[in-house]
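The structure appears below as structure tokens.
We number each residue from 1, following the sequence as shown.
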Amino acid sequence: MENQYFTSGALNVNNRAFLRGDAVKVSFFMRDSRLIMDEECYFFLMASMRKMRMNIPLTYTLEFFQALFRKDIIEGRGIQNGIINFQVFRNEDTGNLAKSSVSYFYEVTEIEDVLQVHHKPLELDLIKEINVNNNLLSNIRVHCPENIYGGIYAQENDLDDVILLNPNKRIARSTSGNLLFLEGDVIKVPKQSEGAYISPLMENFVTYLHKNNLADIQEHEIIAFESQKAEEILLISDEKGIFSVGKIRNKTFESHRFSDLIEKWRESFN
């Protein structure tokens with residue numbers, strides 16, 4: 001089924017998302033006809049808008065989004081499971097951009113279960129001719145030409161995604177999400193200060209593991225070579241879902257332990 005699209009009004013090319021990339025994007029998650037992690041996703045949206053100096057409407061409450069998605073998606077389209085990629089963009093209706101109004105656009109990708117690992121393991125590689133920044137705006141989902149370049153590079157080289165490095169040649173993330181590296185009982189995650197995304201989906205997962213003593217979660221500065229030392233690698237994308245990494249260059253990876261941990265986490269939502 002094709003993705004379903006919704007907007008707050010008529011869209012035209014004279015908007016700052018199209019002309020300037022002046023927008024932020026946050027994902028919400030639907031499972032069995034209800035939102036999950038909605039508070040975490042909502043607060044991430046508010047934080048992202050503040051970082052981009054957007055004027056947040058008083059109507060943008062958690063209850064507003066809960067009612068909006070229920071009416072449009074669950075009741076209006078009968079969609080029960082999916083990822084809602086919600087984008088807010090600034091209008092150019094005043095001379096003071098900080099006071100300009102905002103509009104929204106969102107699409108719904110139907111997915112069997114956002115808390116389930118996709119069946120096909122990914123093949124990744126590192127890309128070295130570009131890097132991503134590690135500043136205040138690197139952690140939120142804003143316009144990023146590096147993601148576009150990396151995505152095309154992956155397609156041209158028969159890869160599923162690429163690993164992006166920061167200016168210090170350390171691992172930041174992939175074009176679509178964050179990477180988790182399993183070594184023994186330790187799960188290493190690149191620090192946000194390294195250029196990793198803030199991810200409500202990943203943070204919920206690692207918080208569950210930590211609270212239940214299922215793994216030792218450690219934030220690290222990870223050099224590129226360390227990707228080859230991991231026993232298993234997981235890619236968590238708020239935009240696309242959860243994937244195991246099966247191969248990076250000539251190194252192949254298992255996925256059993258991460259799959260077991262994901263299944264325990266998934267059961268905690270039932």
* Please determine if Arg16 forms a cation-pi arrangement with Phe89, meaning its NZ or CZ atom is less than 6.0 Å from the six-membered ring centre and no more than 45° off the ring axis. => no
* Answer yes or no: is there a side-chain heavy-atom contact under 4.5 Å between Lys264 and Leu214? => yes
* Considering the options Arg141, Lys25, Glu107, which one meets the side-chain hydrogen bond (donor to acceptor under 3.5 Å, both in side chains) requirement together with Asn85? -> Arg141
* Would the number of heavy atoms belonging to other residues, nucleotides or ligands and lying under 6.0 Å from NZ of Lys128 be above 12? -> no
* Asked: Quick one: are Leu180 and Ile236 in side-chain contact, heavy atoms under 4.5 Å?
  -> yes
* Asked: Is any NZ, NE, NH1 or NH2 atom of the basic residue among Arg31 and Asp113 found under 4.0 Å from an Asp or Glu carboxylate oxygen of the other?
  -> yes
* Asked: In terms of the angle between their ring planes, are Tyr42 and Phe65 parallel, tilted or perpendicular, with boundaries placed at 30° and 60°?
  -> tilted
* Are any of the side-chain nitrogens in Asp160 or Lys120 under 4.0 Å away from the carboxylate oxygens of its partner? -> yes
* Asked: Just wondering, are more than 12 heavy atoms of other shown residues or ligands nearer than 6.0 Å to CG in Asp185?
  -> no
* **Any side-chain donor near an acceptor of the partner, Asn204 and Glu40, under 3.5 Å** => yes
* Take the angle between the ring planes of Phe269 and Trp265 and call it parallel below 30°, perpendicular above 60°, tilted in between. => perpendicular
* To do: Report yes if the side chains of Leu179 and Leu234 come closer than 4.5 Å at any heavy-atom pair, otherwise no.
  => no
* With a cut-off of 6.0 Å (strictly less than), are more than 12 heavy atoms of other residues, nucleotides or ligands near CZ of Phe18? -> no
* Asked: Within a reach of under 6.0 Å around CD of Gln228, are more than 12 heavy atoms found that belong to other residues, nucleotides or ligands?
  -> yes
* Asked: Can you say whether the rings of Tyr104 and Tyr106 are parallel (under 30°), tilted (30 to 60°) or perpendicular (over 60°)?
  -> tilted
* Indicate yes or no: does Glu183 engage Lys188 in a salt bridge with an N to O separation below 4.0 Å. => yes
* Side-chain heavy atoms of Glu239 within contact of Ile83, under 4.5 Å -> no
* Minimum side-chain heavy-atom gap Leu159-Leu124 below 4.5 Å -> no
* Side-chain heavy-atom pair Leu122, Ser244 within 4.5 angstrom cut-off -> no
* **Ser138 side chain to Asn133 side chain, donor-acceptor N/O pair below 3.5 angstrom** => no
* Would you please indicate yes or no on a ring centroid separation below 6.0 angstrom for Phe28 and Phe69? => yes
* Heavy-atom side-chain proximity of Ile187 to Gln218 below 4.5 angstrom -> no
* To do: Identify which one of Ile36, Ile79, Asp38, Ile111 satisfies the side chain to side chain contact (heavy atoms under 4.5 Å, CB included) criterion when paired with Met30.
  => Ile79
* **Electrostatic pair Glu232-Arg257, nearest N-O below 4.0 angstrom** => no
* Asked: Should Val245 and Pro121 count as side-chain neighbours, where that means a heavy-atom distance under 4.5 Å?
  -> no
* Asked: Is any side-chain N of the basic residue among Lys191 and Glu194 closer than 4.0 Å to the acidic one's carboxylate O?
  -> no
